S.K.: 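Here it is, the structure in full.
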There are 2 protein chains.
Amino acid sequence: MLSKGLHVDRVFLFLDGHIRVQRTTAQGDQIILLHIAPGQVFGIGAALGHKGYPDPEMAAEDCVVLAWPNRLWPEFVARYDGFASQSYAVVGERLNDMHAVIVEMATKQVEQRLVAALLRLIPQMGRKVDDGIDLEFPITRQNISDMTGSALLTVSRLLSAWEKDRIVVSQRKKISATAPHRLSCGVVWPADATTSKVDLQMSG
Amino acid sequence: MLSKGLHVDRVFLFLDGHIRVQRTTAQGDQIILLHIAPGQVFGIGAALGHKGYPDPEMAAEDCVVLAWPNRLWPEFVARYDGFASQSYAVVGERLNDMHAVIVEMATKQVEQRLVAALLRLIPQMGRKVDDGIDLEFPITRQNISDMTGSALLTVSRLLSAWEKDRIVVSQRKKISATAPHRLSCGVVWPADATTSKVDLQMSG
DNA sequence: GGGGCTCTTTGATCTGCCGCAACAAACGGG
DNA sequence: CCCGTTTGTTGCGGCAGATCAAAGAGCCCC
């Protein structure tokens with residue numbers, strides 16, 4: 001499924017498929033940081049110029065992408081107006097998503113994080129079918145636990161419970177939300193009800 | 001200490017002081033997302049064009065900053081070459097930091113997250129003194145728990161334990177690392193030993 | 001088809017750490 | 001100086017959820 005070792009010295013425009021970006025710690029824990037939707041650019045990190053960080057390994061199969069070397073990035077930015085703003089909008093959005101993830105991880109319990117993860121996946125890679133919404137991307141409970149910073153077994157238990165309550169249906173590597181609204185309504189917190197604050201103080 | 005309500009419709013270049021960027025959930029939990037060092041730009045998110053997200057509240061005191069309206073951003077980028085690349089480098093670095101935080105929150109236990117948080121603060125706002133390193137920024141145990149997604153009481157307990165082991169010294173709102181190396185060596189994981197991977201797959 | 005693989009489920013146990021409660025200490029203001 | 005407020009400390013009980021163990025189910029490939 002994966003062909004590793006593709007060096008990231010270029011920027012990609014992602015046309016079709018689904019991409020998972022993950023990290024592996026020295027202990028072997030895998031964390032899924034984000035999913036990339038068709039139409040987005042990725043590999044921006046390197047293009048933005050942060051060097052000295054671990055080179056991401058790449059794994060690819062059957063994906064339709066446009067690729068160009070990093071060094072052309074500034075030229076593209078200079079030449080095409082919409083290109084830069086659109087790309088940076090993606091980055092801004094991603095920053096915001098990661099803020100949300102951090103807040104979740106810090107304050108919500110596992111079940112709520114799981115709900116949040118599914119609700120984030122649904123608009124990105126869900127397909128509407130007659131009895132709910134299918135996630136088109138094969139996803140294991142292990143994957144989900146890697147997204148939420150929880151344990152595989154806990155994810156399995158929660159999904160089983162939800163399936164008993166007719167909220168989701170799942171087979172092997174496959175999840176469908178039959179009652180997505182009940183996912184969110186079972187939980188008490190408003191989706192976007194976070195505020196941000198910047199707290200400044202002089203040193204010395 | 002804080003004067004709230006300053007609307008973020010501009011980008012700032014931060015000259016002196018220390019800034020904390022935090023979020024408050026609907027439940028009142030506060031999470032400190034990052035600290036901004038002098039010389040960095042902030043408020044970039046809005047400039048990057050993500051709209052529809054909660055407007056950050058601002059709180060300021062005694063800080064030295066340069067500010068200009070968001071709409072001038074593209075012009076600045078076009079006019080000054082180094083400006084854009086430097087600013088985006090900051091963004092890239094921040095993306096990477098947040099990746100690291102997410103991985104930590106997902107895989108490490110509280111004590112290790114605490115160590116990581118301190119080790120991240122030390123180079124940013126530590127001042128070398130004869131018997132170790134002082135954090136120049138007043139910081140409470142509540143603040144630290146907000147950074148690590150843990151409980152105030154747990155932080156207090158851990159710091160007490162470390163103080164018994166002569167690793168840190170702390171008074172009220174003040175922390176000094178007397179043996180910073182022992183902070184990291186007590187823990188088993190190599191600092192930057194994460195690798196990244198991108199996992200692609202076709203839909204359907 | 002069958003062997004081996006990956007993925008999933010369920011029960012039982014164990015533990016990190018959260019939260020309560022109560023107190024101590026440091027600060028700040030009048 | 002006294003008193004209210006904020007911050008830090010410590011002990012203890014409880015619980016969410018990680019972990020162990022073991023078996024069942026779906027998939028691929030020879």
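Keep in mind that this is a model prediction, so the values were computed, not measured. Labels below follow one simple rule: chain letters A, B, ... track the order of the sequence lines, proteins then strands, and each chain is numbered from 1.
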S.K.: Any protein N or O atoms within reach of nucleotides 23-29 of chain D? Criterion: under 3.5 Å, listing atom names and distances.
M.R.:
from: D/dG26; atom 1: N3; to: A/R172; atom 2: NH1; distance (Å): 3.3

S.K.: Between the side chain of B/T148 and the main-chain N/O of B/L114, is any donor-acceptor distance below 3.5 Å?
M.R.: no

S.K.: Report the distance from atom CG of B/L152 to atom C1' of D/dT7, rounded to the nearest whole Å.
M.R.: 8 Å

S.K.: A/V110 side chain: which of D/dG8, D/dT19, D/dA18 is closest?
M.R.: D/dA18

S.K.: Let me test you: for the helix from C/dG1-D/dC30 to C/dG30-D/dC1, what is the angle between the axes at its two ends (five pairs each), rounded to 10 degrees?
M.R.: 50°

S.K.: Checking the side chain of B/R113 only, and the main-chain atoms of B/G149 only, is there a donor and an acceptor separated by less than 3.5 Å?
M.R.: yes

S.K.: For the residue pair A/V155 and A/S150, what are the closest heavy atoms and their distance?
M.R.: CG2-OG, 3.7 Å

S.K.: For B/I31 and A/I102, which heavy atoms make the closest approach, and how far apart are they?
M.R.: CG2-CG2, 4.2 Å

S.K.: Any non-hydrogen side-chain atom of B/R94 less than 4.5 Å from a side-chain atom of B/L33?
M.R.: no

S.K.: Using whole Å, report how far NZ of B/K173 lies from C1' of D/dT6.
M.R.: 8 Å

S.K.: Indicate, with a heavy-atom threshold strictly under 4.0 Å, whether A/S150 touches base, sugar-phosphate, or nothing.
M.R.: sugar-phosphate

S.K.: Could you state the atom-to-atom distance from CG of B/D146 to P of D/dT7 in whole Å?
M.R.: 12 Å

S.K.: Measure across A/N143 and A/I32 and return the closest heavy-atom pair with its distance rounded to 0.1 Å.
M.R.: O-CD1, 3.5 Å

S.K.: From CD of A/Q109 over to C1' of D/dA18, roughly how many Å is that when rounded to an integer?
M.R.: 14 Å

S.K.: Are a donor atom and an acceptor atom from the side chains of A/T140 and A/R172 found within less than 3.5 Å of each other?
M.R.: no

S.K.: Looking at A/R23 and B/N96, what are the two nearest heavy atoms and their distance?
M.R.: NH2-OD1, 3.1 Å

S.K.: Tell me, with the steps shown, if B/E136 and B/K174 meet salt bridge (Lys or Arg N to Asp or Glu O under 4.0 Å).
M.R.: CA-CA 8 Å; B/E136 299 193 284; B/K174 180 85 166 49; over 6 Å; no

S.K.: Can you list the steps and then say if A/Q27 with B/T107 is a side chain to side chain donor-acceptor pair (under 3.5 Å)?
M.R.: CA-CA 9 Å; A/Q27 289 75 44; B/T107 65; 5.7 Å; no

S.K.: Does any residue of residues 154-167 of chain B have a heavy atom under 4.0 Å from DNA chain D, and if so, which ones, in number order?
M.R.: B/S156, B/R157, B/S160

S.K.: Could you pull out all residues at least two apart from A/I133 that satisfy side chain to side chain contact (heavy atoms under 4.5 Å, CB included)?
M.R.: A/I122, A/P180

S.K.: On a heavy-atom basis, which atom in B/H35 and which in B/R20 lie closest, and how many Å separate them?
M.R.: CE1-CG, 3.3 Å

S.K.: Sequence neighbours excluded, which residues qualify as salt bridge (charged side-chain N to carboxylate O under 4.0 Å, His left out) partners of B/R157?
M.R.: none

S.K.: Both B/L153 and A/L153 contact DNA chain C. Taking the nearest nucleotide for each, which residue is further toward the 5' end?
M.R.: A/L153

S.K.: Let me know, please, whether B/Q142 or A/A151 comes out on the 5' side of the other along DNA chain D by nearest nucleotide.
M.R.: B/Q142

S.K.: How close or far is atom C1' of D/dA16 from atom CG of A/L114, stated in whole angstroms?
M.R.: 14 Å

S.K.: Can you give the first and last nucleotides of DNA chain C, 5' to 3', that have an atom under 4.0 Å from a heavy atom of chain B?
M.R.: C/dC17 to C/dC27

S.K.: Out of B/R120, B/H99, B/Q112, which residue meets the side-chain hydrogen bond (donor to acceptor under 3.5 Å, both in side chains) rule with B/E104?
M.R.: B/R120

